[in-house]
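By convention in this document, chain letters (A, B, ...) are assigned in the order of the sequence lines, proteins followed by strands, and residues within each chain are numbered from 1.
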Amino acid sequence: MSDELRYLVNRVVQGKASRRAFLGRAAALGVTGAMANTMLASAVRAAGPQRGGHLMMGLQGGESTNSLDPALALSQVPFHYLLTCGETLVNIAPDGSLDMRLAEEVEPSDGGRTWNFRIRQGVEFHNGKTLTPEDVMRTMERHSDEDSQSGALGIMRGIESMEVDGDMFIVHLDSPNADLPYLMSDYHLVIQPDGGFDDPASGIFTGAYRMVEDEPGSRHVMERFENHWDDTVGHFDSVEMLVINDATARNSALQSGQVHIVNRVEPRTANLLARAPGVTVHSVPGRGHYVFIMHVNTAPFDNADLRMALKYAINREDMVERILFGYGSVGNDMPVNEAYPLFDETIPQREFDLDRAREYYERSGHDGSPIVLRTSDGAFPGAVDAAQLFQETARQAGIPLEIQREPSDGYWSEVWNVEPFCASYWSGRPVQDQMYSTAYTSGADWNDTRFFRDDFDALILEARGELDEARRVELYREAGMMVRDDGGLICPMFNDWVDGTRDEIAGWEDNPNAELMGGFSAIKCWMAS
Amino acid sequence: MVHPVVKLLVQRIALGLLLLFAASILIFAGTQILPGDVAQSVLGQAATEQALENMRRQMGLDRPAYERYFDWLWGALQGDFGRALSNNADIASSIQRRLGNTMFLAGVAAAISVPLAILLGLVAVRFRGRWPDNLISGTTLAAISVPEFLLGYIMMYFVGVQLGWFPTVASVHGGMSFWQKLNAVALPALVLTMVVLAHMMRMTRAAILNVMQSAYIETAELKGLRKLTIIARHAMPNSIAPIVNVVMINLAYLVVGVVVIEVVFVYPGMGQYLVDHVSKRDVPVVQACGLIFATVYIGLNLIADLVSILTNPRLRHPK
C-alpha cells in the first residue's frame with residue numbers, strides 16, 4: 001500500500017474523511033473499487049469496533065405467531081432475536097471450539113457422564129436481577145419438561161439429573177457424552193430468570209441487547225443493554241429486525257440501503273445482487289445438505305451394488321453449479337463435512353464415474369425395471385431439476401431411473417420416510433454425534449435410510465463417550481466411511497449460507513454454524529463510518 | 001307518517017345486522033366442523049387422552065356449542081376476542097394495530113384511486129371513442145391485467161431502487177409521524193391504486209354512457225350546455241348508484257384482499273396476520289379476523305345501498 005493510500009485509509013478510519021471520498025481518491029491513484037474496499041475493510045477491522053448506530057436487518061422466516069418464549073422458537077427470526085437478546089452457557093466459535101458465555105468454564109468428570117459448568121458471576125438480567133446457577137438449572141428443567149413443547153427437548157433427553165453446588169451447575173447423564181457442552185449452545189437454551197417458569201415470554205434475558213418493541217411477524221426493536229457483562233460485544237445503539245419474507249423485497253431493501261443485513265439471499269439472484277454497488281454477498285459453507293435417500297432394507301435398494309451404482313452415477317460438480325449456482329460444495333455420501341468439529345479431511349471424495357456405475361449396475365443383476373425416484377418442489381429448492389439431472393446421468397450409465405413428481409403439500413408426511421427412494425434435505429447439527437444419532441443409528445427417530453447396523457451403533461456410542469480427541473476423529477472417520485460406502489444416502493451437495501451486507505457493516509466473520517455469523521451478526525458487527 | 005326513505009333505511013340497516021349475525025354463526029360453525037378441535041391443535045403430537053380432556057375442560061370445550069358461541073359473540077361485541085393459541089398474545093390488541101395499518105393503507109389508496117377513477121371515467125365519456133378515451137381504457141386495463149406482485153416488483157425496482165423516491169419496505173409503526181407513514185406506504189398505495197382503478201373507471205364510464213342515451217340529456221345538449229357540464233351535472237347524479245356499488249366492492253377489496261401486496265412490501269396489515277394464523281390452525285384468531293372482514297364487507301355494502309336509496313329522486317320525493 002502506498003503512503004498516500006495508507007494516509008487516506010487512516011483518515012476514513014478516524015472518521016475524518018468519508019468512505020465515498022476515499023473510494024474516489026483511491027480510484028484516482030489507480031486502485032480498483034473492489035481492491036480499495038478490501039483495504040478499507042481490513043483497516044477498519046484493525047482499528048477495532050466502534051460504538052453507535054442503528055442496525056437494520058431484513059430477515060426471512062418470521063410469522064405473526066412468533067413468541068418471545070424460547071421454547072416455542074422454530075424459525076429464523078426468533079433464532080436471531082433470541083441470540084441477540086439472550087445468551088446460552090456456551091457458543092460454538094467459527095473454528096469449532098467452545099466460546100464460554102454464561103459458563104466460565106466446563107469440566108467433565110466420571111468419564112464424561114457428569115459435566116460441571118462454572119456459572120459466571122456478576123451477570124445481570126435485563127430486569128436488574130443477578131444471574132444465579134439456579135436460574136440456569138430452572139431453564140434446563142423447563143426445556144426438559146415434555147409439556148413445555150420445547151424445540152430443545154430432544155437434546156435434554158439424555159440428561160438423568162441436574163444439581164447446583166455453589167456457583168457450579170452440574171449435569172448427570174445416563175451415558176457418557178463428550179459433546180454435551182456443544183449441545184448447550186442450542187439457541188432455545190438461552191437462560192431466563194427462574195428458567196422462565198413464571199413468565200416464559202417476558203423477553204427478559206442477559207444478552208447485549210434488550211427487547212424494547214416486539215411486533216411478531218413485522219418488526220422487533222432492541223436497544224443496547226448498558227449493564228451487559230461483556231463490553232467486547234454489542235456495538236450498535238439499537239438493532240431493528242424487519243420481517244421480510246419475500247426474497248425480492250429483501251434484495252431491494254438491501255440495495256436501496258433500507259436495511260444493512262439480509263439473510264437467505266437466493267442462490268439464483270446472489271450473483272446479480274453481488275454486483276450492486278455498496279453490497280457484499282457472503283457465501284459461507286455450512287452443514288445443511290440436499291440428499292436422495294434409499295431405504296437399504298427395501299428392494300431393489302437392499303442390493304449394495306445397486307446403491308453403489310447410483311452413487312457413482314450422480315454428477316455432484318454439475319449439481320453444485322446448476323442447482324446451487326455455485327453457492328455450495330460437493331457432498332460425499334455422508335451427512336457430515338469439514339464444517340463439523342472432529343471431521344477427518346483425508347476421507348477420499350467420491351467422483352462421478354459412469355464406467356464404475358455401469359460396472360456396479362451390471363454386478364447388481366437388477367432386472368432393468370424402472371427405479372422410481374420421488375421428488376417435489378418442496379423437498380429442497382431445485383429438487384425437481386436435480387432429480388432430472390440425476391436421471392440423465394444415470395441413463396448414460398444404463399440405469400433406468402424414473403422420476404415421480406409429488407405435491408409439496410404433505411410431502412413430509414406421505415413421501416419422506418415412507419417411500420423407499422426420494423429427495424430430501426437436512427439442515428445439519430452442531431456435532432457429528434447428533435447428526436448420526438438423529439438419522440443413522442438403529443434407534444434414531446428419523447432413520448430415513450433404514451440403516452440398521454449394530455457395528456455402526458457401537459461406533460457412535462463409543463465415539464460419544466470417548467474423551468480423547470484423536471481417537472474420536474478416527475472413530476468418526478470409520479463411522480462416516482460406513483455410511484458413505486454402505487448406507488442409503490446419496491448426498492450430492494452441501495448448500496452454503498448466503499447472506500448480504502452493506503459495506504458500512506464491519507466485523508463480519510464467516511461462521512459455519514448458521515446463517516448470519518451463526519446468529520451473532522448483531523452482537524459482533526459494528527457500523528463503520 | 002314516517003317518510004318512506006327513513007323506513008327503507010331502517011329496513012336496510014336491520015337487514016345488514018341480521019346478515020352480520022348470520023355470518024358470525026357461519027364463521028363459528030365453520031371453524032367447529034374442522035377435523036380435530038382447538039385442544040388437539042394446541043397439544044399437537046403430545047396429545048394424550050388425559051391431556052386432551054384436561055385441556056378441553058380448561059378451555060370450556062366440554063360445554064355445548066351454542067353456549068360457547070354466545071360467549072364468544074358476547075366477548076367479541078365487547079372487543080374481547082380471547083388469546084391466540086400459538087403465542088398467547090391478546091388478539092384484540094394485536095388486531096387493533098394491524099387493522100389500523102390496513103385501514104391506513106386502504107384509506108390512502110382509496111383517497112387517490114376513487115376520485116381519480118371517477119375523474120378519468122368522466123373524461124373518457126367526454127372524449128368517447130377518441131384518443132383520450134382509448135388511452136385511459138388501455139392503460140388502466142393493462143395495469144389490472146398484470147399480476148399485482150409483479151406490478152409491485154416493477155414499482156419497487158424503478159421507483160424505489162433506481163430513482164430512490166420512496167422506501168421499498170413499507171414497514172410502519174407507532175413511533176412514526178403521519179407524513180413518515182405516508183412516505184412509507186407510497187409504493188404499495190400506488191400499486192393498489194393501479195390495481196383497483198380500472199374496475200371503478202370502467203363502471204363509471206359505462207354507467208354514465210348508459211344515461212347519456214336518455215332524452216333529457218338530449219334536451220340539455222339542445223339547450224347548448226357544455227359537454228362536461230352535462231356529464232357532471234345531469235348524467236352523473238343519475239348513475240351514482242352503480243358507481244357507488246363498484247367503489248364499495250373495491251374498498252372492501254382494499255381492506256380484506258391485499259395479502260400479496262402486504263408480503264411484497266412488508267406491510268404489517270391484517271392479511272399477513274390472518275394467513276400466518278391459518279397455517280398454525282389458530283382458530284380464535286381466524287374467527288376474529290373472519291368476523292372483522294365480514295363486518296367490513298357488510299358495512300361497505302350497506303353504505304352502497306343507503307347511498308343508492310338516498311340518491312334516487314323517486315324515493316326521496318314520493319308522490
Side-chain angles (χ1 to χ4, degrees), chain A residues 56-60 62-69 71-75 78 145-150 153 199-202 212-221 240-259 262 272-273 276-279 409 413 445, chain B residues 42-46 48 51 54 84-89 94-95 97-98 101 149-150 152-153 155-175 184 187 260-282 285:
Chain A
M56 295 284 297
M57 303 172 75
L59 302 176
Q60 193 231 33
E63 300 86 28
S64 46
T65 51
N66 292 152
S67 161
L68 289 180
D69 179 358
L72 301 179
L74 278 177
S75 44
D145 183 4
E146 298 277 343
D147 289 343
S148 73
Q149 301 168 31
S150 170
L153 185 61
D199 187 2
S202 65
V212 287
E213 273 178 72
D214 172 45
E215 297 173 20
S218 151
R219 65 197 270 277
H220 304 270
V221 186
E240 180 167 346
M241 296 181 183
L242 279 183
V243 179
I244 310 184
N245 286 321
D246 184 76
T248 313
R250 261 195 322 282
N251 282 0
S252 20
L254 185 69
Q255 272 179 276
S256 61
Q258 283 186 78
V259 298
V262 297
L272 295 170
L273 184 65
V279 169
D409 197 28
S413 53
D445 290 342
Chain B
V42 172
L43 289 171
Q45 286 169 318
T48 60
N54 291 344
L85 301 176
S86 47
N87 59 357
N88 203 30
S94 312
I95 283 190
R97 200 175 53 223
R98 296 244 172 195
N101 289 342
F149 73 90
L150 188 63
Y153 288 158
M155 297 292 282
M156 204 185 255
Y157 181 72
F158 287 106
V159 185
V161 176
Q162 294 294 316
L163 298 172
W165 290 352
F166 299 115
T168 59
V169 172
S171 178
V172 295
H173 53 86
L187 279 185
V260 175
I261 292 294
E262 283 179 15
V263 171
V264 168
F265 289 102
V266 199
Y267 192 75
M270 288 287 285
Q272 188 60 52
Y273 181 73
L274 174 63
V275 170
D276 282 348
H277 286 84
V278 167
S279 61
K280 289 269 163 70
R281 298 199 49 179
D282 200 330
V285 178

Side chain, backbone, both or neither: which part of A:N251 has a non-hydrogen atom closer than 4.5 Å to chain B? neither
Name the region of A:L242, side chain, backbone, both or neither, that has any atom closer than 4.5 Å to a heavy atom of chain B. side chain
Distance in Å, B:H173 NE2 paired with A:R219 CZ, rounded so as to fall on 0.5 Å steps: 3.5 Å
If the test is side-chain contact (heavy atoms from CB on, under 4.5 Å), which one of A:S64, A:P216, A:S218 qualifies with B:P268? A:S218
Find the distance between OG (A:S252) and CZ (B:F265) and round it off to the nearest 0.5 Å. 8.5 Å
Going by side-chain contact (heavy atoms from CB on, under 4.5 Å), B:T168 matches just one of A:Q255, A:Q258, A:R250. Which one? A:Q258
Here the pair of heavy atoms bringing B:R98 nearest to A:G217 is NH2-C, 3.9 Å
Examine whether an atom of B:Y153 lies under 4.5 Å from a heavy atom of chain A, and if so say whether it belongs to the side chain, the backbone or both; otherwise answer neither. side chain
Shortest non-hydrogen separation from A:T65 to B:D276 and the atoms involved: CG2-O, 3.8 Å
Which atoms of A:A253 come close to chain B, meaning under 4.5 Å heavy atom to heavy atom: side chain ones, backbone ones, both, or neither? both
How close do A:V243 and B:V266 get, heavy atom to heavy atom, and via which atoms? O-CG1, 2.7 Å
